[in-house]
Student: 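Before we start, here is the structure in question, set down as structure tokens.
First the proteins, then the strands, lettered A, B, ... as listed; each starts at 1. Bear in mind that the values here come from a model prediction, so they are computed numbers and not experimental data. Side chains included, hydrogens not; waters and symmetry mates left out as well; all remaining heavy atoms used.
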Protein chains: 2
Amino acid sequence: MRADAKKNYEHILAVANVVIAEHGVDASLRDIARRAGVGLGTLYRHFPTREALLEALLRASFDEFTTKARILETASSPDDALVSWLREVVEFTSNYQGVVDVMMAAKEDPESALHASCITMRTAGTKLLARAQAEGLARIDMDGDDLFSLAAALAWLSNQPSSAPRADHLFSIIASAILTNRAGSDFRA
Amino acid sequence: MRADAKKNYEHILAVANVVIAEHGVDASLRDIARRAGVGLGTLYRHFPTREALLEALLRASFDEFTTKARILETASSPDDALVSWLREVVEFTSNYQGVVDVMMAAKEDPESALHASCITMRTAGTKLLARAQAEGLARIDMDGDDLFSLAAALAWLSNQPSSAPRADHLFSIIASAILTNRAGSDFRA
DNA sequence: ACCTGAACACCGTTCAAGT
DNA sequence: ACCTGAACACCGTTCAAGT
């Protein structure tokens, strides 16, 4: 990559981070290019789709969650590890308004630039879940996709002004459903 | 209302129902006006905001949920009544893609045309919840707003292609969290 | 009273023209 | 190689002009 191109690439990314933090994932790409002092075509050259931009913005953090899962797997009890990890994922995700909708769609779309990140997250979560399940600490009628979905739902709730104040409480309600299985699993099955 | 105006009003509503079923709550208003064979200004005259249009579209169904709650309150056991009602609300809401986002926002905004409908729903749910709580069948650390939030989250999940196939299962997981309290409530409180 | 559609200020996306 | 910005096809919203 040419030096000027690299500079543009990184500057766009920095500006995008600010603008998306402000206006959410649907922020105007025109606005980002404008505030970056760059032509609209330049933004599209570096990030051909909105998801490509998001991917560049979030990849590092997603990788961190994978290593964090590995650490928790050896450092904490299975149930604590699962819940702590879930809490961090939800908290991080809720910093990017609207990103959960994009992630949920990207998980099903192999063409999406965010697809790999979704699978990465699901894999990390699945391992923590399976470990808790193996010790009878998590309900067995759940898989990694269910965990992904519940995490997404919690992040979505954290992003709604209406439920954000009670986000912690809603988290604990759903966490208790995941962790304790005591005959609740066959309810209206 | 003049006869021609009334005819327009109702025709717009009918077309909107179709278009919104097809493209979700963010459907193009221009498109609705076009397909209704009506000027864009006419649509705005009858429905000054998108939420006013949604309100006209959904009010009847929301009222039904209130009467349905009243019936369940005398016809079923407290836990069955709560869960059955919740299930119907979630199922209905998930027919209108994106409406949960609008509802969550409208609940906090007294100026929204949908605000009253939100409060109506919350009130109906709160009564069913309180009745179950009074008999020890639902966790006590929850209020009507929490119930509203969980219902919204479930409807949101039902709307995501990624989680829709497991929507029933996710419903039962969260329902079990609401219904059975067995010491799970103080988890990580 | 009610209806119409042009006008305005925004989008996302593409692509010919420049350096 | 890379950048620019005009061009195109869409929006939501408003409002002067018509009947």
Side-chain angles (χ1 to χ4, degrees), chain A residues 1-57 96-99 101-102 105-106 109 111-114, chain B residues 1-57 96-99 101-102 105-106 109 111-114:
Chain A
M1 188 146 52
R2 232 164 59 180
D4 55 343
K6 181 167 181 178
K7 201 176 136 194
N8 274 336
Y9 177 91
E10 268 150 21
H11 190 225
I12 291 170
L13 218 48
V15 171
N17 210 349
V18 173
V19 177
I20 286 176
E22 206 174 328
H23 297 310
V25 149
D26 293 322
S28 159
L29 298 179
R30 241 196 189 76
D31 191 30
I32 292 174
R34 213 153 33 206
R35 282 161 75 160
V38 117
L40 196 42
T42 304
L43 189 148
Y44 273 93
R45 159 174 276 267
H46 288 299
F47 309 102
T49 66
R50 173 175 246 112
E51 307 204 342
L53 178 57
L54 289 173
E55 200 272 338
L57 223 49
Y96 292 86
Q97 196 183 109
V99 81
D101 300 78
V102 181
D109 175 18
E111 304 302 313
S112 167
L114 278 164
Chain B
M1 187 145 51
R2 230 164 62 179
D4 55 342
K6 181 167 184 178
K7 200 176 137 196
N8 274 335
Y9 177 92
E10 269 150 20
H11 190 227
I12 292 170
L13 219 48
V15 171
N17 209 350
V18 173
V19 177
I20 285 176
E22 206 174 327
H23 298 310
V25 149
D26 292 324
S28 158
L29 298 179
R30 242 196 188 77
D31 191 30
I32 293 173
R34 214 153 31 206
R35 282 161 75 160
V38 116
L40 195 43
T42 303
L43 189 149
Y44 272 93
R45 159 173 276 267
H46 288 299
F47 308 103
T49 68
R50 173 175 246 111
E51 306 206 341
L53 177 58
L54 288 173
E55 200 272 337
L57 224 49
Y96 293 85
Q97 195 183 108
V99 81
D101 301 77
V102 181
D109 176 16
E111 305 299 315
S112 166
L114 278 164

Student: Assign B/Arg45 to base, sugar-phosphate, or nothing according to its heavy-atom contacts below 4.0 angstrom with the strands shown.
Tutor: base

Student: With side chains defined as the heavy atoms from C-beta onward, is the minimum distance between B/Val102 and B/Arg50 less than 4.5 Å?
Tutor: no

Student: Consider side-chain contact (heavy atoms from CB on, under 4.5 Å). Of A/Lys6, A/Glu10, A/Met1, which one does A/His46 pass it with?
Tutor: A/Met1

Student: Mind checking which nucleotides bracket the chain B contacts on DNA chain C, 5' to 3', with an atom under 4.0 Å from a heavy atom?
Tutor: C/dA1 to C/dA7

Student: How about A/Arg35 and A/Val19: do any of their side-chain heavy atoms sit closer than 4.5 Å?
Tutor: yes

Student: By nearest nucleotide on DNA chain D, pick out whichever of A/Gly37 and A/Arg30 is the more 5' one.
Tutor: A/Gly37

Student: When we call it a touch if two heavy atoms are under 4.0 Å apart, what does A/Ala27 touch: a base, just sugar-phosphate, or nothing?
Tutor: sugar-phosphate

Student: With a non-hydrogen cut-off below 4.0 angstrom, is A/Leu29 in contact with a base, only sugar-phosphate, or nothing?
Tutor: sugar-phosphate

Student: Side-chain contact test, heavy atoms from C-beta onward, threshold under 4.5 Å: evaluate it for B/Thr42 versus B/Tyr9 and give yes or no.
Tutor: no

Student: A side-chain contact here means heavy atoms from C-beta on lying under 4.5 Å apart; do A/Leu54 and A/Ile20 qualify?
Tutor: yes

Student: Taking the side chain as every heavy atom from C-beta outward, state whether A/Leu29 and A/Leu53 have any atom pair closer than 4.5 Å.
Tutor: yes

Student: Under 4.0 Å, heavy atoms only, any strand: does B/Ser28 hit a base, just the sugar-phosphate, or nothing?
Tutor: sugar-phosphate

Student: Please compare B/Arg2 and B/Leu40 by the position of their nearest nucleotide in DNA chain D and report the one closer to 5'.
Tutor: B/Leu40

Student: How far apart are the closest heavy atoms of A/Leu13 and A/Leu57, and which atoms are they?
Tutor: O-CD1, 3.5 Å

Student: Defining pairs by Watson-Crick or G-U wobble geometry with both distances under 3.5 Å, how would you list the stems of DNA chain C with at least three pairs each?
Tutor: C:4-8 with D:12-16, C:12-16 with D:4-8

Student: Using a strict 4.0 Å threshold on nitrogen-to-oxygen distance, state whether B/Lys7 and B/Asp4 make a salt bridge.
Tutor: no

